[in-house]
There are 2 protein chains.
Amino acid sequence: MATTNLDYASLFAKNAPEGATSWGGFPTYNFVGGHNNPETMPVEDFVESSARVLRQEGQNLATYNMKSGPQGYTGLRGFLVEKLAHYRGLRAPDENVLITSGSNQGIELINEVLLEPGDTVIAEFFTYQGVVGRWRKLQVNVVGIPLDEDGMRMDALASTLADLRSNGVRPKFIYTIPTLQNPTGTVLSMERRHEMLRLSREYGVPIFEDECYADLIWEGEWPPAICGLDDSHHVLHIGSFSKSLSPALRLGYVVAPWQVLSRMLACKTDGGTGALGQMVVADFFQNHYEEHMDKLRTSLKVRLQALADALVEHFGSSVEFQAPRGGMFLWVKFPPEVDTLKLAGPALEAGIAYNPGPEWAVEPDAARNYLRLCYALPSEQLIRDGIAKLAQVFRREAGIP
Amino acid sequence: MATTNLDYASLFAKNAPEGATSWGGFPTYNFVGGHNNPETMPVEDFVESSARVLRQEGQNLATYNMKSGPQGYTGLRGFLVEKLAHYRGLRAPDENVLITSGSNQGIELINEVLLEPGDTVIAEFFTYQGVVGRWRKLQVNVVGIPLDEDGMRMDALASTLADLRSNGVRPKFIYTIPTLQNPTGTVLSMERRHEMLRLSREYGVPIFEDECYADLIWEGEWPPAICGLDDSHHVLHIGSFSKSLSPALRLGYVVAPWQVLSRMLACKTDGGTGALGQMVVADFFQNHYEEHMDKLRTSLKVRLQALADALVEHFGSSVEFQAPRGGMFLWVKFPPEVDTLKLAGPALEAGIAYNPGPEWAVEPDAARNYLRLCYALPSEQLIRDGIAKLAQVFRREAGIP
């Protein structure tokens, strides 16, 4: 007997999102999403690391968290303790380190511990799409602070904190991506790092420091993490292995005072972060961190140059951008009449995907003539061809260039 | 200048949980948590699979989801499609399969899509702790259905559904672990599988089938998954690689109609499930599934026998249990005056960890004289010694045996 299919429409929770569309594969000219450079994937070193760690500790995969406990594989936490001390000036014992399933999980756990509807947070005016989307879903107010070439402006932060206080509002945190800011690529100056800490202490508002791109500086000074300048528990720090190595592995980390970390741990009900990736990355980076980062940064620098050249060649004076000192994306400004959200559809039809500016801003409309281009995945040839095609689409649809 | 540490107490969200305690390592006699048997971890086969898949597809680790899209690595979905058809009678195309970070993520995604506070769900009266805890947090009412040796009783399910309907309540789903039920180890009979489906259709209430132990039957008939008997989208099916292989890898899966799966996908904001584990498991199981399962089931059967013998030897007539046809845990009943929750502390002081019954029941108090013993991790010797010691603790603290 034929039975009618159950229609779930009447069973869905009121807040359930619309269904996702099924995945159609990558576009030819893929400038979105923070993918990395496939040519720098250390395949043979991974083979070697996998064999070594599996033979050393493979049996422990039979237990939850591999006898390392819920904060993550001790080998990877050990690597992080050393890396953060050496490269980021951040001295934290491994009890204060939590391995997460991507740095997004770190963001979600910090949000879960601190935020409730109606709360206020502060962020750079242009900032990471994923974090703004999460705050909106949590019904949290976001106050954007303008940036200049040295990152978040401290005069604006000071006056915002003062205004909020005079209105009886204590923000839950100041979210910042100080080192290779997403999307502007700026690096917060040393002076401003100290000033942000001073303001954090004055107002009793912690800093939520997201350093997921910090390994990718290829020239100029490396200011230490703000967390490294702090001795008073004012900074919650997160980072990622997605940008320094591989986003598919889904590995990130948090450094935080135990008072906060222990609550994040209580919220982390995922049974632990996948162990095999942790083991292999720990072994690989213990042996090859500097060598790999040099290779990756060199390759990214070449691709950025190709992108900058192609933009100048094909868009001429219609584009403005500040080439960053590292990272994997470029923030590009067009004349005010350009609407990058509207142009995204026609661009995709031509095989080109980019991140429209409005998705990377606290006030979407203020970024309607911006877009973000990630240049790590496409080859130099694809970058050149993609930008040439993008110029054709913009010319046809918007009269630019 | 010394600065006072920031106290986060005034910043925490009202619903933030208490902090977790820091991890103290495993107890000597570890009968909790669904760990697996370390001796069956296929270390050399994993080394071989890792090398093969990394050389074939390692470059794709540079992209989110490895060019497989957000539903998970195509190789692993392909293996699942074949495994489910061959061993569980469940024919589903890979578009209806979603790889999750452990089967707990499948539970969370189904909850998120379907549940809101005040909703009602139905479950076996004794059931998985993790799922009941999540429902309580979501303020969902749970109605427990009694079990006998053939699993959930259909007469009780039918009368519960009728009662709820007469009170105007349409439950969101019937959650069941039909095959090696957790914690009772029962296997729902074929007749009851058909009857549950019939009731599901009659009342328009989907079945949420959790088959995370279904690979572990070592004797008797293997009834197909309820999802395999259904042609009308009435069953949401989840499973796991934690029990068949390794809990540390954090891999599970969902099979569901696209109407539901597409919304789960929209809720899955983790950037994908870690790829390396998916790749290695896909390759390993494509080549060694049957061989590995035979070895694992044989080892578990030996450990169950050691546990049953030790319980009889040391507790005599003070224990009642029904040895299951598979799985990795035993549900043990003590005389009514025994309070397993109270005894858990003294047991742990003696190095023995078990799961108190109240944590595995819809109505905790009804299981106060039960406990669950997982026997996959400890060796036969540790099982014998641990049960001997447990009997000493029970005798001293409760006069039993």
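As the structure is a computational prediction, the values presented were derived from the model and not from experiment. Chain A is the first sequence line, chain B the second, and so forth, proteins listed ahead of strands; every chain is numbered from 1.
Among the candidates B/S68, B/S200, B/G133, the residue making the largest number of heavy-atom pairs closer than 4.5 Å to chain A is B/S68.
For A/W258, the side-chain contact (heavy atoms from CB on, under 4.5 Å) partners are A/Q71, A/N96, A/L261, A/S262, A/L265, B/S22, not counting sequence neighbours. Taking B/P42 as the reference, B/D45, B/F46, B/L245, B/F284, B/H292 meet the side-chain contact (heavy atoms from CB on, under 4.5 Å) condition, with sequence neighbours excluded. Legend: residues meeting side-chain contact (heavy atoms from CB on, under 4.5 Å) with A/S244, ordered by chain and number and at least two apart, are A/D215, A/F241, A/F285, A/M293.
Annotation for A/D231 and B/N5: closest pair O-OD1, 3.6 Å, computed over non-hydrogen atoms. A/Q259 and B/D7 get closest at one heavy-atom pair: NE2-OD1, 2.8 Å.
B/D270 places none of its side-chain heavy atoms less than 4.5 Å from the side chain of A/S101. Contact of the B/R250 side chain with the A/T273 side chain is not registered, since no non-hydrogen atoms from C-beta on lie closer than 4.5 Å.
Taking 4.5 Å as the heavy-atom cut-off, the residues of residues 103-113 of chain B that approach chain A are B/E108, B/E112, B/V113, ordered by number.
Using a 3.5 Å distance cut-off with no hydrogens or angles, the side chains of A/R201 and B/T4 do not pair a donor with an acceptor.
In this structure, chain A has no heavy atom under 4.5 Å from any part of B/V53. Heavy atoms closer than 4.5 Å to chain A are found nowhere in B/K268, neither backbone nor side chain. With a threshold of 4.5 angstrom between heavy atoms, B/V32 does not approach chain A through any atom at all.
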